[in-house]
Enquirer: 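Before we start, here is the structure in question, set down as structure tokens.
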Amino acid sequence: MKQVTIEDKTFGIYLSEQEIQHAVQRIANEINVSYADKKLVFISVLNGAFMFTADLLKKVHVPCELSFIKLSSYSGTHSTGNVKELVGLNEDLQGKDVIVLEDIIDTGLTMKSILDQLNTKQPASIRIATLLFKPDSLKVPINADYICFSIPEKFVVGYGLDLNGFGRNLPDIYQLI
Ligand code: IMP
């Protein structure tokens with residue numbers, strides 16, 4: 001089996017480049033149909049979604065804009081824990097149709113925080129496209145509209161996803177053995 005080692009951890013091949021491209025094409029087709037007569041704004045969540053975003057957008061044929069956001073976590077003045085703030089979103093989204101692009105939805109807490117903040121900008125609609133979805137890990141209800149793969153709770157790297165910053169450049173997705 002094809003394997004990689006990152007930071008002393010061994011990963012086995014899980015989803016090939018070809019399978020990924022096939023799934024990305026499938027959701028691009030769905031988006032092309034759903035938004036045939038509309039204009040779209042994609043909001044890509046850095047760093048993990050960079051490769052998914054590049055491949056998906058090459059397959060989308062409706063007029064679209066692209067923005068990138070990042071989340072910064074910091075300890076707020078509240079004793080309840082971390083607050084996540086959107087960094088980099090300067091666009092006016094009022095009345096626009098938005099699709100958020102994420103690498104993986106695990107607990108769903110990141111996506112919930114993104115949606116809460118995007119909703120304050122009063123877009124006409126918000127949908128979610130995610131490369132990977134771990135339904136068994138969800139801690140808050142999140143409905144992803146476009147999902148390339150639903151996967152079990154195991155840690156994965158590659159195709160944008162990292163372990164301590166490494167592994168994002170791999171064209172395939174690997175699972176912790
Ligand atoms: P959530 O807030 O728990 O849904 O987590 C979302 C973020 O956790 C993702 O954007 C990833 O950065 C990270 N993450 C969750 N699961 C994995 C994984 O299996 N591999 C790499 N990163 C992961």
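Just so you know, ligand 1 is whichever comes first in the structure, and atom 1 is the first atom listed for that ligand. Along the sequence shown, residues carry numbers from 1.
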Enquirer: With a cut-off of 6.0 Å (strictly less than), are more than 12 heavy atoms of other residues, nucleotides or ligands near NZ of K9?
Expert: no
Enquirer: Please tabulate protein-ligand N/O pairs under 3.5 Å for ligand 1, atom names and distances to 0.1 Å.
Expert:
{"unit_1": "ligand 1", "atom_1": "2 (O)", "unit_2": "T107", "atom_2": "OG1", "d": "3.4"}
{"unit_1": "ligand 1", "atom_1": "2 (O)", "unit_2": "T110", "atom_2": "N", "d": "2.9"}
{"unit_1": "ligand 1", "atom_1": "2 (O)", "unit_2": "T110", "atom_2": "OG1", "d": "2.4"}
{"unit_1": "ligand 1", "atom_1": "3 (O)", "unit_2": "T107", "atom_2": "N", "d": "2.8"}
{"unit_1": "ligand 1", "atom_1": "3 (O)", "unit_2": "T107", "atom_2": "OG1", "d": "2.5"}
{"unit_1": "ligand 1", "atom_1": "4 (O)", "unit_2": "D106", "atom_2": "N", "d": "2.8"}
{"unit_1": "ligand 1", "atom_1": "4 (O)", "unit_2": "T107", "atom_2": "N", "d": "3.1"}
{"unit_1": "ligand 1", "atom_1": "4 (O)", "unit_2": "G108", "atom_2": "N", "d": "2.9"}
{"unit_1": "ligand 1", "atom_1": "10 (O)", "unit_2": "D103", "atom_2": "OD1", "d": "3.0"}
{"unit_1": "ligand 1", "atom_1": "16 (N)", "unit_2": "K134", "atom_2": "NZ", "d": "3.4"}
{"unit_1": "ligand 1", "atom_1": "19 (O)", "unit_2": "K134", "atom_2": "NZ", "d": "2.8"}
{"unit_1": "ligand 1", "atom_1": "19 (O)", "unit_2": "V156", "atom_2": "N", "d": "3.0"}
{"unit_1": "ligand 1", "atom_1": "20 (N)", "unit_2": "V156", "atom_2": "O", "d": "2.6"}

Enquirer: Answer with yes or no whether the side chains of D103 and Y159 bring together a donor and an acceptor at under 3.5 Å.
Expert: no
Enquirer: Would you please name every residue forming a side chain to side chain donor-acceptor pair (under 3.5 Å) with T107, sequence neighbours left out?
Expert: none
Enquirer: Which Ile, Leu, Val, Met, Phe, Trp or Tyr residues join I177 in one cluster when any pair of side-chain heavy atoms under 4.5 Å counts as a link?
Expert: M1, V4, I6, F11, I13, F155, V157, L163, F166, L170, Y174, L176
Enquirer: Given 3.5 Å as the limit, does a donor-acceptor pair link the side chain of Q21 with the main chain of Q18, or not?
Expert: no
Enquirer: K112: which residues meet the salt bridge (Lys or Arg N to Asp or Glu O under 4.0 Å) condition with it, sequence neighbours left out?
Expert: D116
